[in-house]
Amino acid sequence: MIDHKQLIQAALDSMPNSYAPYSSYNVSAAVLCSSGKIYTGVNVENASYPAGICAERTAISHAAACGERRIEAIAIVGGKNFTPSDYCAPCGICRQVMREFCDPDEMIVIIARSVSDYKQMTLQQLLPESFGPEMLGK
Ligand code: THU
C-alpha cells in the first residue's frame, strides 16, 4: 500500500538539497522500495553541463546503493527556484532507469505539486513496449 502523502512529503523535504545553479530548475524524488523504506534524491548539475544528473536517477541510485532491488513507487516534485510548481514528468533516460528495478504494470509514478495536488500513472503508461532485464535473461 502506497502512502502518497508520505512519499510526496519525502520528495518535498529533500528539495532544498537540489543543486541546480545553471538551470535554476530544482527537482527532487522519493522512491518507495519493496522493503518499505523510502530513499530520496535530487538533481545534481555540473559546470560541464552533460555531467549533470536527474533527481530520479540519484534517488534510484541511492536505493540501489543501499541494497534495494525493487521499487514500488516514485514521487517527483519540480519547478524553478525551489518552488514545486510543475507536474514534473520524468525524462526518457529516467524512465528507462526506473524500468530496471520494477514491474512496469505495478510501478506507480507520482508527479506532484503538493501532497494533495498530484497525478499518478504506471511506468507502463510512460514507457510502453520497453526493454528490460528479462530480455537479457535476468
Ligand atoms: N531534471 C530532473 O532532475 N528530472 C527530470 O525528469 C527532468 C529534468 C533536471 C535536470 C536538470 O538539472 C534540470 O532538471 C533542468 O533540465
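Indexing begins at 1, ligand by ligand and atom by atom, following the structure's order.
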>> Quick check on the hydrophobic clustering: are Phe82 and Tyr19 connected, directly or via other members, by side-chain heavy-atom contacts under 4.5 Å?
In response: no
>> With a 4.5 Å cut-off on side-chain heavy-atom distances among I, L, V, M, F, W and Y, is there a chain of contacts connecting Ile74 to Ile53?
In response: no
>> For the residue pair Ser18 / Ser28, report whether a side-chain donor-acceptor contact shorter than 3.5 Å exists.
In response: no
> What pair of heavy atoms forms the shortest contact from Cys91 to Glu56, and how long is it?
Replying inline: N-OE2, 4.4 Å
>> For atom 13 (C) of ligand 1, what is the closest protein heavy atom, and at what distance to 0.1 Å?
In response: Glu45 OE2, 3.5 Å
> Any idea which atoms of ligand 1 are less than 4.0 Å away from a heavy-atom of Val27?
Replying inline: 1 (N), 2 (C), 3 (O), 4 (N), 9 (C), 14 (O)
> Of the protein's non-hydrogen atoms, which lies at the shortest distance from atom 3 (O) of ligand 1, and what is that distance?
Replying inline: Ala55 N, 2.9 Å
>> Under 4.0 Å and counting heavy atoms only, is there anything from the protein next to atom 16 (O) of ligand 1?
In response: no
>> Looking at Tyr87, I'd like to know if the NZ or CZ of Arg113 sits under 6.0 Å from its six-membered ring centre while staying within 45 degrees of the ring's axis.
In response: yes
>> Going by the closest heavy atom to atom 4 (N) of ligand 1, which one wins out of Glu56, Arg95, Arg57?
In response: Glu56
>> Suppose I only count heavy atoms of Pro90 and a 4.0 Å limit; which atoms of ligand 1 are within that range?
In response: 6 (O)
>> What's the separation between atom CG in Asn43 and atom CE in Met15, rounded to the nearest 0.5 Å?
In response: 8.0 Å
> What class does the angle between the rings of His62 and Tyr39 fall in, given that below 30° is parallel, 30 to 60° is tilted and above 60° is perpendicular?
Replying inline: perpendicular
> Is there a path of hydrophobic side-chain contacts, each under 4.5 Å between heavy atoms of I, L, V, M, F, W or Y residues, that connects Ile111 with Leu12?
Replying inline: no
> Quick one: does Ser23 get an N or O within less than 3.5 Å of an N or O on ligand 1?
Replying inline: no
> Near Cys91, which atoms of ligand 1 are under 4.0 Å from a heavy atom of that residue?
Replying inline: 6 (O)
> Using heavy atoms and a threshold below 4.0 Å, how should the contact between Ala20 and ligand 1 be classified: side chain, backbone, both, or neither?
Replying inline: neither
> What do we get for Ala29 next to ligand 1 when only non-hydrogen atoms under 4.0 Å count, side chain, backbone, both or neither?
Replying inline: neither
> Shortest non-hydrogen contact from Ile108 to Thr122?
Replying inline: CD1-CG2, 4.3 Å
> Which protein non-hydrogen atom lies closest to atom 9 (C) of ligand 1, naming both residue and atom, and how far is it?
Replying inline: Asn43 ND2, 3.6 Å
> Strictly under 4.0 Å, does any heavy atom of Ala89 approach an atom of ligand 1?
Replying inline: yes
>> Is there a polar contact, in the sense of an N or O pair closer than 3.5 Å, between Cys54 and ligand 1?
In response: no
> Does ligand 1 have any atom sitting under 4.0 Å from a heavy atom of Gly52?
Replying inline: no
